[in-house]
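Everything below concerns the one structure shown next.
By convention here, the first residue in the shown sequence is residue 1. In this text the structure is predicted, and so the values were computed from the model without any measurement.
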Amino acid sequence: EPLLNMRDISKSYGNVRALRHVDAAVYPGEVMGIVGESGSGKSTLLRMMNLEDTPDSGDYTLRLPGRENENLFDLTRYERRMLCARNIGIVYQNPHLGLLMKHSSSGNVAERLLIAGERSFEVLRDKAREALDASEFPLDRMDARPIELSGGMQQRVQLAKAIALEPALLLLDEPTTGLDVSVQALVLDTLKRLQRDRRITMVLVSHDLGVIRTMADRVMVMRHGEVVEQGLADQVFQDP
Ligand code: ADP
Ligand code: ADP
């Protein structure tokens with residue numbers, strides 16, 4: 001049974017049909033890769049998965065305790081925000097979208113936990129430290145502000161923030177795009193280790209087939225807002 005199930009999602013922005021009748025299913029513990037050229041609808045779909053945006057039509061269920069059959073797009077904005085804060089982690093390509101650049105790195109992670117309802121100072125401190133450590137962020141830099149850090153380190157802070165709550169679902173939007181190739185490899189290694197050790201269900205958007213090949217179990221190929229192919233990564237990449 002899928003953890004994430006989206007059915008018949010359509011969305012237009014003015015005349016642009018960003019998503020057309022998209023179906024997506026993601027199973028527990030797997031890494032789903034979404035590939036497609038620029039403008040094909042990948043980020044829009046990820047924003048829907050994160051409940052940041054809602055479609056014109058279609059429904060979305062996540063297999064969370066007590067909410068199995070609920071169409072999450074029927075929730076109010078506040079309810080969507082709370083559900084998202086407690087259950088979904090996201091890493092954006094642009095760290096400015098995911099981080100408060102002028103707060104400390106540990107403060108960024110702690111803030112995420114605060115939003116989700118954690119109030120104990122000791123728990124906030126310990127969980128932030130643990131998440132940064134698991135993201136292979138150097139703990140002696142915990143007090144540094146993201147603006148003072150390299151791109152690779154900023155992505156590790158975003159990752160720590162995303163996993164601090166042990167989310168049911170981790171969404172990654174071009175997490176290594178724009179980083180130096182050597183740094184990309186390090187961040188991918190961290191993601192792979194997290195996947196192996198914690199079995200986090202991930203959805204990874206990338207235009208880079210190399211990244212998808214190293215990470216994804218299954219792949220969705222998008223073109224002009226439609227899913228044109230979906231299957232096991234090995235099979236999708238074998239096609240002529
Ligand atoms: P991708 O992530 O594959 O590059 P996007 O999901 O960003 O594609 O965009 C799909 C299409 O929808 C593009 O034509 C884009 O310009 C359009 N689009 C996405 N978000 C918006 C928005 N908020 N307002 C207007 N058009 C948008
Ligand atoms: P509004 O449209 O009123 O500003 P939204 O709930 O649509 O409220 O979200 C506003 C912004 O907050 C979004 O554009 C998004 O970038 C950010 N956002 C929403 N949910 C998350 C989340 N789980 N993690 C990080 N940023 C989020």
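Atom CZ of R223 sits in a sparse spot, with 12 or fewer heavy atoms from other residues, nucleotides or ligands closer than 6.0 Å. Annotation: R7, atom CZ; neighbour count of heavy atoms from other residues, nucleotides and ligands within 6.0 Å is above 12. Summarising the local packing, CD of E166 is surrounded by 12 or fewer heavy atoms from other residues, nucleotides or ligands at distances under 6.0 Å. Other residues, nucleotides and ligands contribute over 12 non-hydrogen atoms within 6.0 Å of the CG atom of D197.
The two residues A168 and L64 make their nearest non-hydrogen contact at CB-CD2, 3.8 Å. The minimum heavy-atom distance linking F137 with S105 is given by the pair CZ-OG, 3.8 Å. Of all non-hydrogen atoms in L171 and L46, the two that sit nearest each other are CD1-O, 3.9 Å. Between D53 and K11, the shortest heavy-atom contact is OD1-NZ, 3.6 Å. Contact between M49 and I88 at its shortest, heavy atoms only, is O-CD1, 3.4 Å. Closest heavy-atom contact between R63 and P28: NH2-CG, 3.6 Å.
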ask   = So V35 and M220, side-chain contact (heavy atoms from CB on, under 4.5 Å) or not? Walk me through it.
value = CA-CA 6 Å; V35 296; M220 280 168 64; over 6 Å; no
message = Walk me through whether Q238 and Q235 qualify under side chain to side chain donor-acceptor pair (under 3.5 Å).
response = CA-CA 5 Å; Q238 253 172 25; Q235 287 164 6; over 6 Å; no
task = Verify side-chain contact (heavy atoms from CB on, under 4.5 Å) between T201 and L3, making sure each step is shown before the conclusion.
result = CA-CA 8 Å; T201 308; L3 169 73; 3.7 Å; yes
request  = Take V211 and T176 through the test side-chain contact (heavy atoms from CB on, under 4.5 Å) and record every step on the way to the result.
outcome  = CA-CA 9 Å; V211 169; T176 59; 3.9 Å; yes
message = Pair M153, R141 - check side-chain contact (heavy atoms from CB on, under 4.5 Å), show working.
response = CA-CA 10 Å; M153 285 303 147; R141 301 289 282 146; over 6 Å; no
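Side-chain atoms of Q184 come within 3.5 Å of backbone atoms of L179 as a donor-acceptor pair (strictly under, hydrogens ignored). Looking at R218, its side chain never comes within 3.5 Å of a backbone N or O of Q230 through a donor-acceptor pair. Under a 3.5 Å cut-off, the side chain of D180 and the backbone N or O of S182 do not form any donor-acceptor pair. Using modelled atom types, no side-chain atom of D8 and backbone atom of G58 make a donor-acceptor pair closer than 3.5 Å. S104 places a side-chain N or O within donor-acceptor distance of the main-chain N or O of G107, the cut-off being under 3.5 Å. Checked by atom type and distance alone, the side chain of E68 pairs as donor or acceptor with a backbone atom of G66 at under 3.5 Å.
With F237 as the aromatic partner, R213 meets the cation-pi criteria of under 6.0 angstrom to the ring centre and within 45 degrees of the ring axis.
Ion pairing of K127 with E130 is absent here, as no side-chain N (NZ or NE/NH1/NH2) approaches a carboxylate O to less than 4.0 Å. Between R125 and E122 no salt bridge is recorded (no basic side-chain N to carboxylate O distance below 4.0 Å). A salt bridge does not link E52 with R80: none of the charged nitrogens is closer than 4.0 Å to a carboxylate oxygen.
Looking only at side-chain heavy atoms (C-beta outward), L191 and L159 come within less than 4.5 Å of each other. Side chains of L72 and L62 form a contact here, defined as non-hydrogen atoms less than 4.5 Å apart. Looking at heavy atoms from C-beta onward, T190 lies in side-chain contact with R193 at the 4.5 angstrom threshold. In this structure the side chain of N69 never reaches within 4.5 angstrom of the side chain of T61, judged on heavy atoms. Residues L232 and D217 form no side-chain contact, since every pair of their non-hydrogen atoms from C-beta on lies 4.5 Å or further apart. A heavy-atom distance below 4.5 Å is found between the side chains of R67 and L83. Residues V31 and Q195 form a side-chain contact, since some pair of their non-hydrogen atoms from C-beta on lies under 4.5 Å apart. Side-chain contact between V91 and Q155 is present, with at least one heavy-atom pair separated by less than 4.5 Å.
Between the CD atom of Q93 and the OG atom of S206 there is a distance of 9.0 Å, given to the nearest 0.5 Å. Note that OH of Y13 and OG1 of T44 are 4.5 Å apart. Values are rounded to the nearest 0.5 Å. Taking CG of L172 as the start and CE of M32 as the end, the distance is 13.5 Å to the nearest 0.5 Å. The structure places CD of E148 at 11.5 Å from NZ of K102, a figure rounded to the nearest 0.5 Å. Rounding to the nearest 0.5 angstrom, the gap separating the OG atom in S10 from the CG atom in L19 is 7.5 Å. With rounding to the nearest 0.5 Å, the separation of CD1 in I9 from CG in D59 is 6.5 Å.
M82 and L165 fall into different hydrophobic clusters, where Ile, Leu, Val, Met, Phe, Trp and Tyr are joined by side-chain heavy atoms under 4.5 Å apart, directly or via other members. Hydrophobic cluster membership differs between Y27 and L194, with clusters built from Ile, Leu, Val, Met, Phe, Trp and Tyr side chains linked at under 4.5 angstrom. Clustering ILVMFWY residues whenever any of their side-chain heavy atoms sit less than 4.5 angstrom apart, transitively, puts M142 in a cluster other than the one holding L113. V109 and I200 are not part of a single hydrophobic cluster, where members link through side-chain heavy atoms under 4.5 Å apart. In the hydrophobic clustering of ILVMFWY residues, with side-chain heavy atoms under 4.5 Å counting as a link, M48 and L97 come out together.
Residues satisfying the salt bridge (charged side-chain N to carboxylate O under 4.0 Å, His left out) criterion with D126, sequence neighbours excluded, are absent altogether.
Here the options are E174, E37, K42, the test is side chain to side chain donor-acceptor pair (under 3.5 Å), and the partner is H207; only E174 passes. V22 pairs in a side-chain contact (heavy atoms from CB on, under 4.5 Å) with only one of the listed residues (M6, E226, M222), which is M222.
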